Amino acid sequence: MNVRVRFAPSPTGALHIGGVRTALYNYLYAKKNKGKFLLRIEDTDQNRWVQGAEEYIIESLRWCGIEPEEGLGYGGNYGPYRQSERKALYYKYAHHLVQSGKAYYAFDTEEELEVMRSRLSDAGVAAPKYDASVRMEMKNSLSQDADYTASWINSGQGYVIRLKVDSGNTISYVDLVREEVKFASEELDDKVLIKADGMPTYHMANVIDDHLMEITHVIRGEEWLSSTAHHLLLYQAFEWQPPLFVHLPLILKPDGKGKLSKRDGAKFGFPVFPLAWAGQTEEDSFTGFREYGLEPEALINFLAFLGWNPGTEQEIFTLDQLVIAFDFDKVHKGGARFDIDKALWFNQQYIKQIPGDQIAQRLKPIIESNGWDYNPESCLAIIQLYLERVHKINEIPVQAYYLFTELSTYDQEAFKKHWKPELKVKFETLLADISSISSFDAQELESVLKEHLKVIGLKPGDVFPIFRLALSGSLHGPTIFQMLNILGKKGLERLHAQLKIMLDGL
RNA sequence: GGCCCGUUCGUAUAGAGGCCUAGGACGCCUCCCUUUCACGGAGGAAACACGGGUUCGAAUCCCGUACGGGCUACCA
């Protein structure tokens with residue numbers, strides 16, 4: 001089989017991380033089977049269309065390295081790939097369904113629908129819906145005669161086209177993840193196929209496009225599982241061979257209470273979008289994983305494991321390795337919670353493999369925008385020192401800022417705790433002794449410094465924490481010899497100046 | 001509420017009837033390395049939702065219950 005899969009998002013805003021994972025699984029499956037992965041834009045809801053969303057989707061997939069090779073922005077022989085541009089097509093097919101008795105026109109107003117629902121619900125019907133049991137009591141081309149229907153349509157009053165769902169059938173299919181799934185047709189409503197504005201609903205457009213674009217596997221989120229019955233009915237009505245369906249487990253909030261949503265980023269303190277999104281309002285604007293500092297390879301690796309695993313103990317996978325290892329029989333059925341700690345761990349694994357000069361190139365603009373001097377050599381040295389201490393590259397200039405520029409603050413509490421006033425004179429001797437040092441090789445520095453300590457009668461435990469605070473402001477970080485190695489003479493000067501400041505602050 | 005789907009350590013998961021005293025990973029804790037932090041190394045706490053079956057034997061199969069999630073629009 002010539003595998004063709006599609007990622008079909010709606011341009012209603014930023015592309016959610018769950019969407020990225022769906023795109024990823026589509027991509028992996030396509031590549032694994034030497035098939036095609038295409039992008040289709042489902043913009044059938046004109047009210048929810050958002051400027052810039054299409055571009056955002058394309059850029060996101062590109063950043064993640066899972067680019068489609070066909071579809072909107074990529075060309076292909078099955079276009080157009082934007083559903084709004086296929087409007088006439090859907091209507092033609094819907095009309096055909098009406099003619100063959102598989103669908104019908106419906107004229108009910110919103111109020112009339114509401115009346116029907118509340119009447120049914122008052123009568124104790126658990127799930128009031130427009131279906132075979134109420135169809136003939138409603139205003140449609142089945143309950144009314146041909147003249148009425150013709151004149152209504154000619155009058156230009158709005159109408160929709162609904163699928164005629166017969167009761168008494170069982171619709172079943174074999175999901176590649178969930179195995180056999182069954183639905184009773186009584187549970188299904190007469191879904192609207194064409195809306196009053198002439199646009200198709202998702203269900204209609206989806207089925208027609210998947211058929212016309214020769215999609216072999218529909219790989220989508222679990223939120224679509226319930227409507228698959230309707231889609232199957234549509235394939236039946238058209239007498240088309242349906243594609244295979246694969247419903248992916250949802251990505252849940254960290255607390256497991258529902259699927260991860262837009263606002264959860266702010267709530268839980270990490271992004272839920274690949275790239276930053278500037279909406280109309282501040283509330284609708286979000287940061288992305290790119291800006292947060294995750295490497296796309298790490299994000300993809302992490303995302304791949306949210307709902308799938310290779311069955312081995314290997315965790316670090318390149319995209320190509322994922323392509324080889326991926327399969328639906330290893331995809332889980334239950335939803336997976338988003339765990340930012342694990343994502344950061346993946347990122348740490350990845351950044352440790354990036355060559356230092358590449359990281360330096362990325363740090364350069366940040367350093368310069370901070371107004372610091374960019375020195376390739378010391379930058380490289382700083383990277384070497386800090387790469388294993390951070391989870392994200394953008395943490396380096398934050399944590400190691402004191403190696404790029406002047407010290408701005410220090411931990412006063414720590415100083416008070418470690419400073420022994422009775423050692424003041426010895427400290428002064430030490431500082432005077434080392435001010436003539438001219439070699440800043442870390443190892444040499446260490447032996448020289450320790451030698452001085454011994455002569456003066458100071459213990460490393462009394463001196464090093466103080467030096468560390470004077471040099472970096474905090475008790476954490478690389479060895480003071482490494483710091484001095486990078487800072488050079490300036491480090492010695494800082495030692496003097498900062499110690500004075502700290503003593504004055506007592 | 002109805003329908004559908006699901007449920008192994010805190011998290012993501014391994015597990016396809018005996019290999020399970022349930023494995024590894026992230027996180028957490030202890031120790032080692034070390035002037036500190038991190039890295040690395042060694043250990044530790046930590047799970048089969050519950051109840052019935054089936055079977056010589058069940059985390060694995062079946063049925064119920066509980067809990068969680070999805071859907072229930074002229075949204076996708």
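What you see is a predicted model, and the numbers here were worked out from it, not measured in a lab. Note on naming: letters A, B, ... go to the chains in the order of the sequence lines (proteins, then strands), and numbering restarts at 1 for each one. Values reported hereafter were calculated over all heavy atoms of this structure, with side chains retained and with hydrogens, waters and symmetry mates removed.
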Is A:Asp166 paired with A:Lys164 through a side-chain N to carboxylate O contact shorter than 4.0 Å?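 Between A:Asp166 and A:Lys164 there is a salt bridge, with a charged N closer than 4.0 Å to a carboxylate O.
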Nearest-angstrom distance, [atom1] atom, [N] to [M]:
{"N": "B:U11", "M": "B:G24", "atom1": "C1'", "answer": "14 Å"}
{"N": "B:G44", "M": "B:A25", "atom1": "P", "answer": "12 Å"}
{"N": "B:G15", "M": "B:U7", "atom1": "P", "answer": "14 Å"}
{"N": "B:C32", "M": "B:U13", "atom1": "C1'", "answer": "30 Å"}
{"N": "B:A59", "M": "B:G17", "atom1": "P", "answer": "13 Å"}
{"N": "B:C67", "M": "B:C48", "atom1": "C1'", "answer": "16 Å"}
{"N": "B:G70", "M": "B:C56", "atom1": "C1'", "answer": "42 Å"}
{"N": "B:A42", "M": "B:A47", "atom1": "P", "answer": "23 Å"}

Of A:Leu250 and A:Trp345, the one whose nearest nucleotide on RNA chain B sits closer to the 5' end is A:Trp345
When every nucleotide of nucleotides 2-17 of chain B is labelled 5' to 3' by its protein contacts under 4.0 Å (heavy atoms), B for base, S for sugar-phosphate only, - for none, what sequence of letters results? SSSSS----SSSSS--
Contact letters for nucleotides 31-38 of chain B, in which S counts primed atoms plus P, OP1 and OP2 and B counts the base, heavy atoms under 4.0 Å: ----BBBB
Please tell me if the side chains of A:Pro243 and A:Tyr235 come closer than 4.5 Å, counting only heavy atoms from C-beta onward.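 The answer is yes; the side chains approach within 4.5 Å.
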Tell me, which pairs form a salt bridge (Lys or Arg N to Asp or Glu O under 4.0 Å) where one or both residues lie in [range], sequence neighbours left out?
{"range": "residues 460-480 of chain A", "result": "A:Lys420-A:Asp462"}
{"range": "residues 80-95 of chain A", "result": "A:Glu54-A:Arg82, A:Arg82-A:Glu85, A:Arg86-A:Asp209"}
{"range": "residues 325-347 of chain A", "result": "A:Glu315-A:Lys342"}
{"range": "residues 174-185 of chain A", "result": "A:Arg178-A:Glu222"}

Can you tell me how far [atom2] of [N] sits from [atom1] of [X], to the nearest Å?
{"X": "A:Lys352", "N": "B:C39", "atom1": "NZ", "atom2": "C1'", "value": "6 Å"}
{"X": "A:His16", "N": "B:G70", "atom1": "NE2", "atom2": "P", "value": "12 Å"}
{"X": "A:Leu260", "N": "B:G69", "atom1": "CG", "atom2": "P", "value": "14 Å"}
{"X": "A:Leu344", "N": "B:C28", "atom1": "CG", "atom2": "P", "value": "12 Å"}
{"X": "A:Asp175", "N": "B:G70", "atom1": "CG", "atom2": "P", "value": "18 Å"}

Sequence neighbours left out, what passes ring pair (Phe, Tyr, Trp, His ring centres under 6.0 Å) with [X]? Give chain and number order.
{"X": "A:Tyr173", "answer": "A:Phe245"}
{"X": "A:Phe302", "answer": "A:Phe338"}
{"X": "A:Tyr202", "answer": "A:Trp224, A:His231"}

List in chain and number order the residues that pass salt bridge (Lys or Arg N to Asp or Glu O under 4.0 Å) with A:Arg21, two or more places apart in sequence or in another chain; answer none if no residue qualifies.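 With neighbours one apart ignored, the set is empty.
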State whether a side-chain donor-acceptor pair under 3.5 Å links A:Arg220 with A:Thr228.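 Result is yes, a qualifying pair exists.
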Only counting residues at least two apart or in another chain, list the ones meeting side chain to side chain contact (heavy atoms under 4.5 Å, CB included) with A:Ala298. A:Glu295, A:Phe346, A:Asn347, A:Tyr350
Distances under 3.5 Å between protein N/O atoms and the N/O atoms of nucleotides 74-76 of chain B, please, pair by pair.
unit_1 : atom_1 : unit_2   : atom_2 : d
B:C74  : OP2    : A:Arg162 : NH2    : 3.4
B:C74  : O2     : A:Ala196 : N      : 2.6
B:C74  : N4     : A:Asp108 : O      : 3.0
B:C75  : OP2    : A:Lys195 : NZ     : 3.2
B:C75  : O2'    : A:Asp45  : OD2    : 2.7
B:C75  : O2'    : A:Arg48  : NE     : 3.3
B:C75  : O2     : A:Arg48  : NH2    : 3.3
B:A76  : OP1    : A:Thr44  : OG1    : 2.9
B:A76  : OP1    : A:Lys195 : NZ     : 2.6
B:A76  : OP2    : A:Tyr202 : N      : 3.2
B:A76  : O3'    : A:Ser10  : OG     : 2.6
B:A76  : O2'    : A:Ser10  : OG     : 2.5

Describe the nucleic acid contact of A:Lys459 in one word from base, sugar-phosphate, nothing, applying a heavy-atom distance below 4.0 Å.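 If one applies the 4.0 Å heavy-atom cut-off, A:Lys459 turns out to touch nothing in the nucleic acid.
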Partner of B:G6 by Watson-Crick or G-U wobble geometry, both contacts under 3.5 Å, or none? B:C67
